[in-house]
Every structure is written in structure tokens, then in C-alpha cells.
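Report on the structure given below.
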Amino acid sequence: MLMCQQVELSDRYNPQDVEGRIYQWWSRNGYFKAEEKSTRLPFSIILPPPNVTGSLHLGHALNHSVQDLLVRWKRMQGFNVLWLPGLDHAGIATQSVVERELKKENTTRQQLGREKFVERVWEWKNQYGGRILEQMRLLGDSCDWDRLVFTLDEGVSKAVRKVFVELYKKGLIYKGLKLINWSPALESAISDLEVEHKEVKGQIYHIKYPLADGSGALEVATTRPETMLGDTAVAVHPEDDRYRELVGKMVQLPLTNRTIPIIADQYVDREFGSGVVKITPAHDFNDYAVGQRHKLPMINILNKNGTLNENAGPYQGKKVQEARKQVVADLEKLGLLVKVEPHTHQVGHCSRTDCVVEPFLSEQWFVKTAPLAAPAKRVVESGTIVFEPESWTKTYLHWMNIIEDWCISRQLWWGHRIPAWNCANCKKVTVAEVDPDKCAHCGHAGLTQEEDVLDTWFSSALWPFSTMGWPEKTELQETFYPTSVLVTGFDIIFFWVARMIMMGLEFKHDVPFRTVYIHGVIRDAQGRKMSKSLGNAEDPVKLIEQWGADALRYTLISQIASGRDLKFSTQRLEGYRNFMNKLWNAARFSLTNLADFVTPADGLDALPSKSEMSHADQWIVYKLGVVEKEVDEYLKAYRFSDAANTLYAFVWNVFCDWYLEFIKPVFHGELDVTQKRATQLILAQVLNRIVRLLHPFAPFITEEIYQKLPIRSEAAIIDTYPHPRNDKALLALGSEEVATNMDLVREVIAAIRNIRGENRIKPGLKINVRLAPHDDKAQKVLGENKVAIMTMARLENCEIGEAGNLSKCAVQPVQLADMKVDVIVPLEGLVNIEEEIKRIRKAIEKLQKDVAVLTQRLSDPKFAANAPAEVVQQGQRQLEESKAQISTLEAALARLS
RNA sequence: AGGGACUUAGCUCAGUUGGUAGAGCGCCACCCUUACAAGGUGGAUGUCGUCGGUUCGAUCCCGGCAGUCCCUACCA
């Protein structure tokens with residue numbers, strides 16, 4: 001063991017030695033590239049564009065693993081594949097990052113000015129943005145990188161403008177004064193979907209509002225006493241007898257000099273509190289609706305930054321929380337505070353900044369969604385777009401039914417500026433694709449552009465076609481629109497999926513994709529959401545470094561079933577790392593035994609004749625055929641975890657555990673040249689299929705192994721995906737009958753191992769065994785596979801024949817299909833027979849349970865009358881077999897003592 | 001409040017036309033057997049949440065209840 005170690009493959013698979021090199025090689029060879037024009041069928045996926053500020057998290061890893069799996073599978077199936085990568089400018093997130101930088105420099109974007117600030121964000125983007133794109137390469141994502149699109153690229157911006165202008169002209173975009181969700185931290189509007197409701201423990205304040213005529217007071221309850229400064233009415237239920245006479249009278253609004261009317265409205269719940277509600281139309285969505293019904297004035301008491309404005313009188317300038325305290329204190333002084341009770345309620349928070357969202361009256365731009373939603377609903381109802389899993393269809397349709405107009409303006413600087421100009425002269429709005437130099441209405445040159453930018457999701461909604469060159473006519477769109485599948489999490493069905501469908505139908509007159517595959521969210525081992533604040537977020541880049549990208553991908557894919565959330569644990573990851581190692585070592589073993597194998601001229605098509613093949617060879621080919629079929633069916637049905645688990649079991653429990661063991665004697669024992677050559681061919685072919693089958697799941701290790709295979713083409717990534725249709729010649733060499741025979745052999749070996757294990761016979765000790773077949777067929781099968789049995793069960797001697805004397809013998813009946821064998825192990829002198837007695841008793845007990853259950857069922861005349869004949873027969877057969885096995889075991893037991 | 005999902009081995013989950021429950025990890029025992037100790041062989045473990053109904057037969061279909069979770073909308 002000094003200096004003369006041979007250089008060969010390590011017995012540990014080391015992903016770090018492989019992944020970077022392989023990725024570069026793929027990339028250099030252009031395997032990820034799509035053809036704009038092709039005779040091959042298209043398959044396209046657009047990547048949900050990650051935020052330019054983002055870095056890879058496990059959610060991406062899951063999302064991308066699925067997409068890359070599909071893309072690689074389809075590519076191997078011969079499709080012209082496009083996986084189109086992109087990057088989102090992420091208005092709020094990116095602006096916040098740069099604003100934080102400015103803060104460190106003791107300046108603000110306002111001081112810098114809009115133009116300079118936007119320049120600054122671009123600088124940031126060019127320097128730090130898009131780090132995630134590099135991380136995606138670590139995962140193995142096979143995107144067509146040459147086509148990377150950024151949402152602020154010129155082409156996309158053109159598309160955005162065109163869509164805005166056209167929708168405006170159709171009356172589907174309008175500007176209006178409405179109550180919207182306002183984030184005081186961002187000083188911007190946000191959409192309903194960006195509001196997260198959280199349960200907050202607060203208080204409910206009961207306040208007296210004196211009647212203006214001095215004849216008493218009404219008691220109202222509120223969780224937000226400070227908003228009373230903007231009250232313009234109090235409301236009661238129209239049929240509430242307690243207050244019927246008061247409707248139409250006025251109350252004196254405390255802390256102000258205003259009097260406000262008492263109105264009646266169905267909205268009021270008589271049961272709740274005192275049945276009297278204060279109405280603040282400018283700061284509550286329900287009150288806003290009431291206010292509109294009753295034409296109440298709307299008094300806005302807030303500034304954009306969340307402080308109280310001049311309408312709040314003495315409270316002006318205070319923040320909401322301070323004003324609340326002060327208002328309550330002042331009311332108490334006046335004796336108008338009746339009581340304060342603890343109260344938990346749901347409060348809207350900004351999903352970006354986590355500040356409390358304020359309903360705020362302001363002028364914003366909106367998309368009228370009803371006309372767009374109707375066709376978007378129809379294409380899902382009709383099945384033109386299919387959700388996978390199907391259960392999300394309901395969720396989608398439900399949301400489309402209650403959809404409201406979409407507020408698309410944001411008071412930010414980073415994003416697509418709204419292409420609308422206000423005229424200084426006629427005050428009218430000019431909306432145009434190209435910056436206008438004069439007003440479209442009066443021709444005046446004094447135009448100023450709207451300050452606001454568009455919601456980031458506005459450009460995202462156009463993604464399936466804006467990334468392909470729209471509004472220009474392009475080959476890319478001809479070939480790849482509509483895209484094939486959209487892969488995303490359920491959290492953005494409404495933000496994104498629905499809006500893409502609406503926009504695709506409106507502007508391309510076709511759906512943007514055929515299938516929407518929805519996956520769950522990744523949680524930690526305890527089932528908590530992964531988040532930075534909890535500190536339980538695993539960094540996929542670190543995981544890849546430690547365990548390998550393939551192991552990570554396999555871990556995620558293997559548990560993605562049924563669109564449910566999945567729990568992530570490194571323990572499981574370790575298991576799949578082990579699987580990669582297993583595969584690696586199986587390949588090492590195979591390659592060692594193929595070292596002297598000369599690749600035939602016909603390469604991939606090279607096969608032995610069936611007559612040259614061993615039973616094990618025919619068996620593994622048969623099993624391969626079954627697996628190829630199953631995997632194809634699972635993938636087609638989007639059952640990725642089933643496909644992954646099927647392959648895992650085939651590679652480990654069939655190929656490694658049995659086939660490689662079966663063929664060892666062929667390579668190690670006395671050499672039969674023909675047999676060896678046949679087995680080598682089969683081994684090379686089967687390993688080749690395994691590598692290809694696994695490639696979309698574990699691309700790196702499979703490509704690395706593939707490149708060392710004696711039988712292969714250019715690269716795993718572009719080789720054909722195995723399918724029974726493409727593998728006819730090879731699979732024809734498999735035999736179901738032989739496979740069944742080999743399964744009997746496996747069961748016999750398992751029975752001997754079981755006897756050995758239970759009787760604690762040392763693994764190193766070779767023993768003698770008698771096999772007593774009950775029929776000629778079993779006799780033949782055992783005879784032909786004697787070597788395998790002796791090797792794998794570690795036998796000194798194996799007799800096949802009569803059962804003979806059972807004295808002091810362990811006995812185990814085995815049966816499969818129509819073959820029966822008694823496995824007999826003489827224990828004399830080997831072990832303490834107590835263990836064997838226990839073992840047999842245990843086996844008998846188990847069989848007796850079966851007999852009891854079966855007897856009961858079969859003796860029920862109703863069962864015989866109603867159950868299908870097939871089921872009855874099967875039960876009877878099983879009963880007989882179990883009984884026969886019991887008697888065999890009992891006979892053995894009698895001979896033991 | 002409305003809608004939906006889930007409840008199966010210690011843990012994570014399969015179980016697709018209703019016919020005597022499976023995997024991985026973990027656990028126990030024995031083994032460094034020349035691909036792999038990141039391995040091998042053997043083993044143990046379940047009133048399939050609970051109560052009813054349909055059925056010859058229910059983990060599976062239907063209903064009630066309990067628990068967990070998600071979504072949507074909100075009662076001031």
C-alpha cells in the first residue's frame with residue numbers, strides 16, 4: 001500500500017468533482033439551446049422569473065427540479081425544448097434594497113431625485129442582481145441561457161406599453177379615486193393580494209356619541225378609536241326597534257365640532273355590540289360601501305406616511321398608535337369612554353414590509369377585470385387549461401368569480417412608468433406607446449408623465465409572450481406559444497397564473513399554457529414554514545455543496561406527491577446521497593467487469609441472442625421493461641415521486657441487490673466465454689438504460705457515468721429516454737416466464753437466509769441445504785440456478801431432490817405461481833434448535849391467522865353468493881396452500897426435538 | 001363565518017376502479033463476504049383519528065364528531 005496505488009474511480013461518489021465540469025460541458029456543447037424553427041415537436045416552459053434581488057431558496061430548488069425534470073425528459077424524448085429563463089425587476093423589493101444603501105449614506109431617494117435614483121438601482125442590479133442565475137446552474141437547470149429576459153428589457157417594456165395602451169383604449173384600464181390598500185411604510189398602494197391578514201390581540205373601545213339635541217347618547221364600539229375623527233355617520237340596522245326613531249337625527253361627534261347623521265343600513269349586525277356602528281368611509285372598506293350607498297362625505301384623516309393630517313385637528317402629525325392613545329385619553333376625560341375590552345381580530349399587514357395596511361382613499365390606476373376574467377374562466381372550465389393536481393381548478397374558479405378590479409399603480413420609482421401624460425392646458429390624459437410631445441386632445445406641449453409605475457405583476461402577466469418578442473411577430477412565438485406547462489406554487493395562482501391567462505387570451509387570442517402544475521410549499525422537519533426570521537431556512541447552495549445537486553433534486557422530487565406541502569429533512573437528503581453513492585458503485589462494479597468488453601460495431605443495438613442469455617439476464621431485461629413502462633406512465637401523469645421511487649427501488653432492490661449478485665459467478669467462477677459475453681452485453685445495455693432513465697432526476701451523476709459506458713451515444717442529456725416502444729429489440733429478450741422462475745429462486749435464497757438469520761448461523765459459515773421441489777418445473781428451475789443459490793445463500797453443498805429425513809432440520813415451504821419447494825437445512829451440530837422451534841412456531845402462528853380469516857370468510861354463504869368467482873377461488877386456493885404449509889411446518893417441528 | 005385539505009408503523013409519507021396494509025428513515029441482531037459500512041443479511045412494529053351507515057366484505061364509498069392545517073372574507 002505504498003506508492004503503487006492504481007488510479008481508479010473512488011468508492012465514494014464525490015459530486016464536487018463532477019457537477020461543475022459536467023455543467024460546463026453541456027453548456028459548451030449547446031445542449032440547452034432551443035431551435036426557433038424545427039421539424040421536431042415543440043415543448044416549452046417559461047421559468048417563473050425570480051426576483052433580481054433573490055437568492056436561491058429551497059422553494060426555487062423544488063420548483064426548478066420539477067421543471068428541469070420535465071425539460072430533460074422531453075428533450076430526451078426528442079422534443080425541440082425551450083426552457084426560457086428570466087428575471088423580475090421586483091419593484092418594491094429592489095427599491096427597498098437600494099433605499100437601505102442610501103440610508104447608510106445618509107441620503108434618500110427623494111434627495112437624489114428620480115433619475116439619479118433609478119440610475120443607482122440599475123447600477124445595483126448590474127453589480128449584485130441576478131445572483132440566483134448562477135445558483136440555478138449549481139442545481140443543474142438546463143435553461144436556454146442565451147434567451148434570458150429581464151422584465152425591464154426594452155422588448156418587454158414595449159410589450160408592457162402596448163398592452164397598457166390597448167387596454168386603456170378599450171376602457172379596460174381607468175384612473176379613479178377609490179379606497180385602496182395603502183402601505184404607509186412603502187408609501188404606496190398595494191393590491192388586495194399583497195395584504196396578509198394576521199390575528200392581532202387588540203382592544204375594543206366602547207364610546208358614547210351624544211345626540212345633538214341633548215336627549216341622550218348612542219354607544220358605539222370600535223377597535224380603531226382614532227378613525228372617529230373621520231366619521232361621517234353612525235349606522236343602525238333599519239329593523240332595529242331600539243333605534244328606529246333615532247334614524248335621521250344627528251349626533252355630536254366627540255372631539256370635533258361636527259354633527260353627523262344617524263343612518264339605517266342592512267350592513268349593521270344587530271347582535272354585535274350595541275348594534276350601532278360608526279361609519280368612516282375613507283378608512284374602512286365596509287364603511288366605504290355604506291358611504292357610497294348613503295352619499296356620505298368622505299374625510300381622509302391620514303397622510304401618505306401614516307400620520308394624521310390636517311383633518312385630524314389637534315391630532316395632526318401624530319402616528320396612528322399615538323393618536324389612538326391620545327383620543328382614548330381625551331374621551332375618558334370627557335366621560336365618553338364607556339369601557340375597554342380585550343379583543344382579537346384580523347388585521348391586514350403588508351406582505352412586503354409587515355406594516356399595518358391602511359385603507360386609504362386615493363387616485364389610482366385600475367384594470368377592469370370582469371371582462372377579462374370571463375374568458376379566463378371558460379378556458380379552465382372547458383379543460384383547455386388543466387390544473388394538476390385537478391383540485392386547484394376549484395380554487396381558481398372560485399377566485400375568478402369574486403375577482404375585483406386590479407389596482408396596478410404603485411408609488412415607486414423602480415419599474416415600468418405608466419405611459420400616461422397629463423396636459424397642463426386641457427388637463428386631459430394622453431396615453432401612448434411612444435412618448436408624446438404634445439397633448440392628444442388639445443395639442444398643447446405642456447405634458448407631464450404620471451409619476452407612478454406599474455405593479456410588477458403587470459409585466460409578469462405578459463411573460464409567456466413578452467419574452468418571445470411580442471408585439472413583433474417572431475418565429476419563437478410561432479414555435480413555442482402556447483407553452484406546454486407552467487410549474488408554480490399555489491401561492492401565486494392569483495397573482496400570476498390567472499393574470500397570464502387573462503392577458504394571453506386578450507392579446508394572443510390563445511391560452512398561455514396547456515397545463516398548470518401546482519406544487520406545495522417546503523416546510524422544515526417540524527412542519528413550519530421556512531423563513532429567514534425563524535432561522536430554519538436551509539440554503540440550497542450549501543446543501544448542494546455538502547450532499548450534491550442530484551441528491552437534493554432526488555429528495556425534493558421523491559416527496560412532491562399530490563401537490564401537498566413537503567417536509568424537508570437532511571436525514572432524508574442523506575438517504576438519497578447514499579442512493580447516488582449506490583448507483584456510483586454499481587457503475588464502478590459494472591465497468592470493472594466490462595473492462596475487457598469490446599464494444600461491437602453495432603454499438604447501441606448490440607445484443608446477444610436469447611439462447612446465449614442466462615436466466616438472470618432474461619429476468620433483469622423483463623424487469624427493466626416493466627420499469628420503463630411504469631416510469632413513462634407516472635411521468636405522463638405528473639406523478640413524479642412515484643417515478644422517482646420506482647427507479648430507486650429498481651436500481652437498488654432489483655439491479656444491485658439481485659442482478660449484480662446473480663452475475664458475479666459469471667465473472668468470478670470458471671469462465672464460460674459465450675455466457676460471459678452475453679452477460680456483459682446485457683449488463684452494458686441495462687446500465688445504459690438505468691443511467692438514461694435516471695438522467696432527468698439526477699442529471700450530473702448520470703452524465704458522468706454515461707460518459708464512461710462502453711455502450712453509449714454522445715451524451716445522456718440528448719440520448720433517447722427509454723421507453724418500451726424504443727427498446728423493442730432489447731426487451732424482447734426478457735421473458736416473463738423466466739422472470740417468474742427467477743423470482744422462485746430469489747424466494748428460495750431468501751428462505752435460506754431467513755433460516756440462517758433466525759437461527760444465528762454465522763454469515764461466514766457455509767452450510768448444507770436440501771431443496772425438495774414438489775414438481776418437475778421447480779426441479780428444473782432450481783437445477784439450472786444452483787450456482788446462484790449456492791453463492792448467494794453461502795452454501796457448502798446444495799442437494800436437489802427428495803425431502804428425505806427431516807430429523808433436526810429447519811424447514812421452510814416456498815411457493816410461487818404453480819411451483820413449490822421445501823427448503824430444508826439440517827441443523828445438527830450447527831445451532832441450538834430452540835431458535836428454530838421458535839421460528840417455526842412463529843411461522844405457523846402467522847399461517848393459522850390467515851387460515852382463520854379465510855375459513856371464516858369462505859364459510860359465509862353470502863360471501864360465496866355475492867363475491868366474484870375469481871375472488872372466491874383465490875381464497876380457496878390460498879386456504880389450501882396455507883394449510884399445506886402448516887402441515888409441512890408441523891411435521892418439521894415434530895422432528896426437531 | 002364560508003370553502004378546502006389532512007388524520008395509516010417511532011418519524012415522513014405511498015396505498016387510483018372496496019377483497020386479509022407498504023416504502024424510506026429510525027430501531028434490534030449478526031456481519032468490514034473481493035462495487036458500495038454512505039454497505040450487506042435477517043428481524044420487530046399498525047383496533048389505517050372516532051362513532052355510525054351502505055356492502056357478503058370498508059384504510060378506500062356516504063354521514064356525524066374530534067383534532068391539525070390552508071385558503072377566502074370579515075363583526076365594527
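Numbers restart at 1 for each chain; the letters A, B, ... are given by sequence-line order, proteins then strands.
Nearer to the 5' terminus of RNA chain B, by closest-nucleotide assignment, is the contact made by A:R760 (compared with the other of A:R760 and A:A864).
Across the protein-nucleic acid pair, A:E845 atom CD and B:A44 atom P stand 12 Å apart, rounded to whole Å. Rounded to whole angstrom, the span from the CD1 atom of A:I518 across to the P atom of B:G4 amounts to 19 Å. Atom CG of A:L660 and atom P of B:U34 are 16 Å apart (whole Å). For the pair A:L573 CG and B:G24 P, the computed distance is 18 Å after rounding to whole Å. Rounded to whole Å, atom P of B:C13 lies 13 Å from atom CD1 of A:I522. Taking atom CG on A:D642 and atom C1' on B:C13, their separation rounds to 11 Å, with Å as the unit. What separates CD of A:E796 from P of B:U33 is a distance of 19 Å, to the nearest Å. The interatomic distance linking A:L566 (CG) with B:C69 (P) rounds to 18 Å, in whole Å.
In this structure, the side chain to side chain contact (heavy atoms under 4.5 Å, CB included) partners of A:N866, at least two apart in sequence or on a different chain, are A:K862. For A:F494, the side chain to side chain contact (heavy atoms under 4.5 Å, CB included) test picks out A:L193, A:T395, A:W399, with sequence neighbours left out. Under the rule for a side chain to side chain contact (heavy atoms under 4.5 Å, CB included), A:E870 has no partner lying at least two apart in sequence or in another chain. Residues that satisfy the salt bridge (charged side-chain N to carboxylate O under 4.0 Å, His left out) test with A:E574, not counting sequence neighbours, are A:R577. Legend: residues meeting ring pair (Phe, Tyr, Trp, His ring centres under 6.0 Å) with A:F597, ordered by chain and number and at least two apart, are absent. Applying the side chain to side chain contact (heavy atoms under 4.5 Å, CB included) test to A:E704 and every residue at least two apart in sequence or in another chain returns A:V18, A:R21, A:I22, A:W584, A:K708. In this structure, the ring pair (Phe, Tyr, Trp, His ring centres under 6.0 Å) partners of A:F387, at least two apart in sequence or on a different chain, are A:Y396. Legend: residues meeting ring pair (Phe, Tyr, Trp, His ring centres under 6.0 Å) with A:Y659, ordered by chain and number and at least two apart, are A:F655. Applying the side-chain hydrogen bond (donor to acceptor under 3.5 Å, both in side chains) rule to A:R553 yields the partners A:D68; only residues at least two apart in sequence or on another chain are considered.
Taking the P atoms as reference points, B:U45 lies 44 Å from B:G3, given to the whole Å. Between B:U50 and B:U55, the distance separating the two P atoms is 23 Å to the nearest Å. Atom P of B:G22 sits at a distance of 13 Å from the matching atom of B:A44, rounded to the whole Å. Going from the C1' atom of B:G24 to that of B:A14 covers 10 Å, rounded to whole Å. Taking the P atoms as reference points, B:C61 lies 12 Å from B:G15, given to the whole Å. B:U7 and B:U12 have their P atoms separated by 12 Å, given to the nearest Å. A distance of about 31 Å separates the C1' atoms of B:G19 and B:C25, rounded to the whole Å. Between B:G39 and B:C48, the distance separating the two P atoms is 33 Å to the nearest Å.
A:K846 comes within 4.0 angstrom of nothing in the nucleic acid, heavy atoms only.
Using modelled atom types, no side-chain atom of A:R572 and backbone atom of A:K567 make a donor-acceptor pair closer than 3.5 Å.
The shortest distance between the side-chain N/O atoms of A:K762 and the OP1/OP2 oxygens of B:C31 is below 4.0 Å. Using a 4.0 Å cut-off, no side-chain N or O of A:K278 falls inside it from OP1 or OP2 of B:A76.
Proximity note for A:K862 (side chain, C-beta onward) versus B:C56, B:U12, B:A76: the nearest is B:C56.
Side-chain N/O atoms of A:N759 and A:E835 include no donor and acceptor closer than 3.5 Å. Under 3.5 Å, the side chains of A:Y576 and A:S558 contain a donor-acceptor pair of N or O atoms.
Checked for salt-bridge contact, A:K636 and A:E633 miss the test: no charged N lies under 4.0 Å from a carboxylate O.
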What's touching nucleotides 19-23 of chain B from the protein side, N or O pairs under 3.5 Å?
unit_1, atom_1, unit_2, atom_2, d
B:U20, O4, A:Q878, OE1, 3.2

Return the polar atom pairs (N/O with N/O) between nucleotides 72-74 of chain B and the protein under 3.5 Å, or none.
unit_1, atom_1, unit_2, atom_2, d
B:C74, O3', A:N286, ND2, 2.8

Could you pull out the protein-nucleic contacts involving nucleotides 36-41 of chain B (nitrogen or oxygen on both sides, under 3.5 Å)?
unit_1, atom_1, unit_2, atom_2, d
B:C36, O4', A:N585, OD1, 3.1
B:C36, O4', A:N585, ND2, 3.4
B:C36, O2', A:N581, ND2, 3.3
B:C36, O2', A:N585, ND2, 3.4
B:C36, O2, A:K582, NZ, 3.1
B:C36, N3, A:K582, NZ, 2.7
B:A38, OP1, A:R12, NH2, 2.3
B:A38, O4', A:N578, OD1, 3.0
B:A38, O2', A:N581, ND2, 3.1
B:A38, N7, A:R12, NE, 2.9
B:A38, N7, A:R12, NH1, 2.6
B:A38, N7, A:R12, NH2, 3.4
B:A38, N3, A:R577, NE, 2.7
B:G39, OP1, A:N578, ND2, 3.1
B:G39, O3', A:K582, NZ, 3.2
B:G40, OP1, A:K582, NZ, 3.1
B:G40, OP1, A:W652, NE1, 2.7

